[in-house]
Amino acid sequence: MKIFSKGIFHSLLLLTLLFSGCLNNTNTSKSYNEIPPMLRLLTNKAQSAIEQGYFDQGEQAVLDYLASKKPNVYNWFQERNFKVRVNVVGDYAVVLVCDGGKPIFEDTYCSAGPPDKDHREKTNQKACEFSMTTKEIKSFCE
């Protein structure tokens with residue numbers, strides 16, 4: 001005795017495949033548009049850490065400071081598997097956000113607009129490394 005006809009079975013199979021494909025796409029895509037407002041919060045707190053001398057103990061000390069002072073913001077990046085790095089250029093904190101080992105945004109606390117550097121379209125940068133120069137920082141901050 002047949003429970004389903006071939007047509008119904010194929011239709012159900014097709015719907016199952018389409019539905020599972022939609023679920024997989026939503027889980028793997030990331031929206032970089034959500035990063036700038038979160039990054040602004042992080043760069044402001046990173047500047048505070050720099051001014052308090054945390055960078056004298058190394059980058060990890062600043063990251064630990066960020067995790068303790070802005071846990072929701074810092075964890076937001078961690079939950080999405082973004083790597084956050086902090087550096088000092090001149091007297092200014094620079095925060096770099098990377099995804100899959102590639103830089104996405106590089107920012108200082110100096111301007112409230114979009115991140116100072118957007119690396120998404122640059123194909124020549126492969127490593128999660130800082131690129132901001134002292135001259136660039138001065139143009140953003142002074």
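Everything numeric here is computed off the predicted structure, so don't read it as measured data. The analysis underlying the following values was restricted to heavy atoms, covering all of them including side chains, and did not include hydrogens, waters or symmetry mates. In this chain, residues are counted from 1 in sequence order.
Using a 4.5 Å heavy-atom threshold, the side chains of Asp99 and Tyr32 count as touching. Lys117 is not listed as a side-chain neighbour of Pro103, based on a closest heavy-atom distance of 4.5 Å or more. Inter-residue side-chain proximity for Lys138 and Thr134 is flagged as met; some heavy-atom pair is nearer than 4.5 Å. In this structure, Pro114 and Pro36 have side chains that are not in contact, with every pair of non-hydrogen atoms separated by 4.5 Å or more.
Residue Leu63 is grouped with residue Leu42 when hydrophobic side chains (ILVMFWY) are merged at heavy-atom distances under 4.5 angstrom, including chains of intermediate members. No path of Ile, Leu, Val, Met, Phe, Trp and Tyr side chains, each step under 4.5 Å between heavy atoms, connects Val94 with Tyr74, placing them in separate hydrophobic clusters. A chain of hydrophobic side-chain contacts below 4.5 Å, direct or via other Ile, Leu, Val, Met, Phe, Trp or Tyr residues, connects Val88 to Tyr54. Under the 4.5 Å side-chain heavy-atom criterion for Ile, Leu, Val, Met, Phe, Trp and Tyr, Leu41 and Phe82 are members of the same hydrophobic cluster.
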Quiz item: Hey, mind stepping through Ser131 and His119 against side chain to side chain contact (heavy atoms under 4.5 Å, CB included) and telling me if it holds?
Solution: CA-CA 10 Å; Ser131 68; His119 296 288; 3.3 Å; yes
Quiz item: Val95 and Val84: side chain to side chain contact (heavy atoms under 4.5 Å, CB included), yes or no, with the steps?
Solution: CA-CA 7 Å; Val95 178; Val84 175; 3.9 Å; yes
Practice problem: Go through the steps to decide whether Tyr109 and Lys45 satisfy the test side chain to side chain contact (heavy atoms under 4.5 Å, CB included), and finish with yes or no. | Solution: CA-CA 8 Å; Tyr109 81 103; Lys45 195 51 74 175; over 6 Å; no
Practice problem: Could you please spell out the steps behind the side chain to side chain contact (heavy atoms under 4.5 Å, CB included) verdict for Met132 and Asn87? | Solution: CA-CA 10 Å; Met132 289 183 114; Asn87 194 16; over 6 Å; no
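Contact detail for Pro115 and Asp107: the closest heavy-atom pair is CA-OD1, 3.5 Å. The shortest heavy-atom contact between Ser68 and Pro71 is O-CD, 3.7 Å. Nearest approach of Val86 to Phe55, heavy atoms of both residues: O-CE1, 3.6 Å. Minimum interatomic distance between Gln52 and Tyr65 (heavy atoms only, all atoms of both residues): NE2-OH, 3.0 Å.
Identified under the disulfide (SG to SG under 2.5 Å) test for residues 62-119, with sequence neighbours left out: Cys98-Cys128, Cys110-Cys141. Sequence neighbours left out, not one pair with a member in residues 52-93 passes disulfide (SG to SG under 2.5 Å).
Rounding to the nearest 0.5 Å places CG of Leu39 at 9.0 Å from CG of Leu96. With rounding to the nearest 0.5 angstrom, the CG atom of Asp118 is 9.5 Å from the CD1 atom of Ile35. Taking CG from Asn75 and NZ from Lys70, the interatomic distance works out to 13.0 Å, rounded to the nearest 0.5 Å. Ile137 CD1 to Asp91 CG: the interatomic distance, rounded to the nearest 0.5 Å, is 10.5 Å. The distance from the CD atom of Glu51 to the OH atom of Tyr92 is 9.5 Å, given to the nearest 0.5 Å. Considering CZ of Phe77 and CE of Met38, their distance stands at 6.0 Å, rounded to 0.5 Å.
Remark: the backbone N or O of Ala112 is paired with a side-chain donor or acceptor of Arg40 at under 3.5 angstrom.
Looking at residues two or more places apart in sequence or on another chain, you find no side-chain contact (heavy atoms from CB on, under 4.5 Å) involving Lys102.
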